[in-house]
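Here the structure is a predicted model, which is why all the values come from computation and not from measurement.
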Amino acid sequence: MGKKEERARPQMLSVYLYIPNIVGYMRVLLNCVAFAVCFSNKTLFSLLYFFSFCCDAVDGWCARRFNQVSTFGAVLDMVTDRVSTACLLVILSQVYRPSLVFLSLLALDIASHWLQMYSTFLAGKSSHKDVKDSTSWLFRLYYGNRIFMCYCCVSCEVLYIILLLIAKNQTENLLNVVVSTLTQISPLSFLLALTLFGWSMKQTVNIIQMKTAADVCVLYDIEKQQKKP
């Protein structure tokens, strides 16, 4: 390790110990415990998983409140979100048929967010949420309105938790379970319908995000070729 890195070590440690980053480590730990009991105790899993998800808002508030915004924290936050959702989708793919539905959602979620982060880097923007120049009103609304984005994100996670809780075995037909639950007049059917709408908005945004980010990458390549002598 060079002298410059040795001098920077105390500062590096302070960033690792930022309050929002500590909350991020707690989220990871909560998810590890949650997934360890996901089949043996679905209720405990749901509580731990949802609490970890809610802590996503807590670490953001702490970052702003204590002026501890960091690139590492932002990356930790996104990686935790994507990995936890991916793990839950994998579990649902083992419970429901066709499993390809959940594996496709996993691929869309990872691909759209990775492309968005990379295109943000290429465009020289400081945040992947900076989409003011997008031609899509839904894309701008999603990242520009915290309430709408919160509704869509919460809807996705709650929908996946509901699907896990109402599954009676590991060979459930997804369409049959959803239709059967929706046709029952109950608070659960209302909650399922409410989360389905938010979930559909989130998946639409993911598709738009993936296409928009891919366009940025292609335009970057075209601009590079045009600058060549």
Side-chain angles (χ1 to χ4, degrees), residues 12-39 41-94 102-121 125-131 142-143 146 148-165 195 198-199 202-203 205-206 209-210 213:
M12 290 173 61
L13 181 61
S14 68
V15 173
Y16 280 122
L17 295 179
Y18 276 178
I19 294 174
N21 294 343
I22 292 174
V23 175
Y25 307 146
M26 290 174 58
R27 291 186 64 203
V28 173
L29 182 60
L30 284 169
N31 280 326
C32 289
V33 176
F35 285 109
V37 300
C38 62
F39 287 115
N41 194 330
K42 290 182 180 180
T43 302
L44 179 58
F45 164 81
S46 301
L47 291 173
L48 292 174
Y49 182 91
F50 191 70
F51 182 66
S52 172
F53 172 73
C54 291
C55 285
D56 185 19
V58 175
D59 63 23
W61 179 86
C62 288
R64 294 185 295 272
R65 174 66 177 80
F66 299 105
N67 193 26
Q68 293 183 338
V69 177
S70 65
T71 302
F72 170 73
V75 173
L76 174 65
D77 190 42
M78 175 167 280
V79 169
T80 302
D81 288 341
R82 303 281 65 78
V83 171
S84 58
T85 301
C87 289
L88 180 51
L89 287 169
V90 168
I91 289 171
L92 289 172
S93 74
Q94 300 303 303
F102 297 103
L103 296 179
S104 299
L105 289 171
L106 188 161
L108 175 61
D109 188 60
I110 296 294
S112 66
H113 284 85
W114 189 89
L115 274 169
Q116 180 65 8
M117 288 292 287
Y118 195 76
S119 66
T120 298
F121 167 75
K125 296 179 179 179
S126 59
S127 172
H128 69 283
K129 297 179 181 180
D130 183 1
V131 297
Y142 179 79
Y143 279 118
R146 284 183 175 274
F148 180 66
M149 182 170 68
C150 181
Y151 164 64
C152 293
C153 293
V154 171
S155 292
C156 273
E157 302 301 332
V158 172
L159 174 64
Y160 297 151
I161 290 172
I162 290 173
L163 289 176
L164 181 64
L165 288 173
T195 56
W199 169 86
K202 181 71 164 63
Q203 304 318 308
V205 167
N206 279 344
Q209 179 170 258
M210 186 165 62

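At least one side-chain heavy atom of D81 sits less than 4.5 Å from a side-chain heavy atom of R27. Put simply, the side chain of F35 reaches to within 4.5 Å of the side chain of Y49, judged on heavy atoms. T195 has its side chain out of reach of Y160: every pair of non-hydrogen atoms, C-beta onward, lies at least 4.5 Å apart. Looking only at side-chain heavy atoms (C-beta outward), V154 and F53 come within less than 4.5 Å of each other. The side-chain heavy atoms of H113 and N206, taken from C-beta on, include a pair separated by under 4.5 Å. For the pair V158/F50, a side-chain contact is recorded, criterion being any heavy-atom separation below 4.5 Å from C-beta on. When side chains are defined from C-beta on, N21 counts as touching S70, because their heavy atoms get closer than 4.5 Å. A 4.5 Å side-chain heavy-atom check between C62 and V58 finds at least one atom pair inside the cut-off.
Distance check: F102 CZ to L163 CG gives 5.5 Å after rounding to the nearest 0.5 Å. A distance of 11.5 Å separates CD in Q68 from CG in D59, rounded to the nearest 0.5 Å. To the nearest 0.5 Å, atom CG of residue L103 and atom CG of residue L89 are 8.5 Å apart. Here the CG atom belonging to L164 is positioned 7.0 Å from the SG atom belonging to C38, to the nearest 0.5 angstrom. Summarising the geometry, atom CD1 belonging to I19 is positioned 11.5 Å from atom CG belonging to N67; distances are rounded to the nearest 0.5 Å. Taking CH2 of W114 as the reference point, atom CD of Q209 lies at 13.0 Å (rounded to 0.5 Å).
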Please test F45 against L88 for side-chain contact (heavy atoms from CB on, under 4.5 Å), starting from the C-alpha separation and ending with a verdict.
-> CA-CA 10 Å; F45 164 81; L88 180 51; 3.7 Å; yes
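Remark: the backbone N or O of L105 is not paired with any side-chain donor or acceptor of Q203 at under 3.5 angstrom. Remark: the backbone N or O of D109 is paired with a side-chain donor or acceptor of S112 at under 3.5 angstrom. In this structure, Y25 contributes its side chain and Y16 its backbone to a donor-acceptor pair below 3.5 Å. In this structure, N31 contributes its side chain and T80 its backbone to no donor-acceptor pair below 3.5 Å.
D130 is linked by a side chain to side chain donor-acceptor pair (under 3.5 Å) to K132, counting only residues two or more places apart in sequence or in another chain.
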